K.L.:
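Structure below; questions to follow.
Since we're looking at a predicted model, the values are computed, not measured.
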Amino acid sequence: MALAPRSIVDSVVQTVCGRSTERLLPLSGGGMNETYRADLQHGDPVIVRIARHSRPWFEDEAHLVVRARAQGVPAPEVLGVEHVDRDGELLSFSIQRFQPGRPLNDLGDELSPSDRERFVIACGELLARIHTVVPGRGMRHPLRSPQDQEVARVVHIVSNALGAQAAAIVDLRCR
């Protein structure tokens with residue numbers, strides 16, 4: 001995938017944030033998008049996501065993030081969504097407030113079994129809040145309890161990946 005020209009990225013960040021970019025660091029794990037951390041002059045860092053699609057991208061996502069945040073979901077604030085035509089290619093930008101933290105992969109071994117259980121419960125509560133977000137276009141996914149065979153399948157996967165203690169937490173919370 002070709003990278004968006006730095007001059008365009010800097011211009012969009014300047015437009016949305018009102019500050020120049022001092023440093024642009026590529027981030028892995030951005031999915032199908034280019035994803036960067038932009039350190040701003042005299043300001044907090046932001047996340048820059050860039051998508052290439054035939055139509056403007058990130059508009060619905062920004063709308064849903066606002067609704068999710070209103071439900072207490074700790075999602076990053078979307079500071080702006082911009083679209084730039086570059087030689088017939090549409091680049092869509094989502095500029096988000098940087099959320100400091102640590103990758104979950106780094107926490108696993110540090111958490112006690114009771115902390116893991118509280119973490120799983122907190123994640124379930126956040127997921128339930130996310131499921132209350134209504135897109136505003138009449139589409140809604142009703143919650144349903146998982147079927148026993150699905151719970152057994154997930155418990156087996158968790159047991160193999162994380163051990164019996166983690167599987168017991170999943171089994172307890174899914175029934």
K.L.:
Could you give the distance from CD1 (I130) to CG (L64), rounded to the nearest 0.5 Å?
P.N.:
11.0 Å
K.L.:
Could you tell me which non-hydrogen atom of A51 sits nearest to which non-hydrogen atom of N33, and how far apart they are?
P.N.:
CB-OD1, 3.3 Å
K.L.:
Let me confirm one number: the CD-OG1 distance from Q96 to T35, rounded to the nearest 0.5 Å.
P.N.:
8.5 Å
K.L.:
Do you know the tightest heavy-atom contact between L90 and P56?
P.N.:
CD2-N, 3.4 Å
K.L.:
I'd like to check the side-chain contact (heavy atoms from CB on, under 4.5 Å) partners of A4; sequence neighbours left out, ordered by chain and number.
P.N.:
V9, E34, I50, R52, L91
K.L.:
Verify, without hydrogens or angle tests, whether Q41 (side chain) and E22 (backbone) share a donor-acceptor contact under 3.5 angstrom.
P.N.:
no
K.L.:
Identify the heavy atoms of S94 and V78 that sit nearest to each other, and give their distance.
P.N.:
OG-CG1, 4.1 Å
K.L.:
List the atom of L126, the atom of P74, and the distance in Å for their closest heavy-atom pair.
P.N.:
CD2-CD, 3.4 Å
K.L.:
Are I8 and V81 connected in a single hydrophobic cluster, I mean Ile/Leu/Val/Met/Phe/Trp/Tyr linked by side-chain heavy atoms less than 4.5 Å apart?
P.N.:
no
K.L.:
Drop me the distance from H83's NE2 to F93's CZ, to the nearest 0.5 angstrom.
P.N.:
10.5 Å
K.L.:
Nearest 0.5 Å, what's the CG-CD1 distance between L79 and I47?
P.N.:
10.5 Å
K.L.:
Quick check for you: to the nearest 0.5 Å, what is the distance between L24 atom CG and R6 atom CZ?
P.N.:
5.0 Å
K.L.:
What pair of heavy atoms forms the shortest contact from P76 to V65, and how long is it?
P.N.:
O-CG1, 3.2 Å
K.L.:
Is there a donor-acceptor pair closer than 3.5 Å between any side-chain N or O of R19 and the backbone N or O of L40?
P.N.:
no
K.L.:
For S11, is there any backbone N or O sitting under 3.5 Å from a side-chain donor or acceptor partner on T15?
P.N.:
yes
K.L.:
What's the separation between atom CZ in F98 and atom CG in D39, rounded to the nearest 0.5 Å?
P.N.:
8.5 Å
K.L.:
Is the side chain of R69 donor-acceptor paired with the backbone N or O of A75 at a distance under 3.5 Å, no angle test?
P.N.:
yes
K.L.:
Tell me every residue that passes ring-ring contact (aromatic ring centres under 6.0 Å, His included) with H53, counting only those two or more places apart in sequence or in another chain.
P.N.:
W57
K.L.:
Indicate if F58 and L3 have the same hydrophobic cluster label, given that clusters are the connected sets of ILVMFWY residues with side-chain heavy-atom separations under 4.5 angstrom.
P.N.:
no
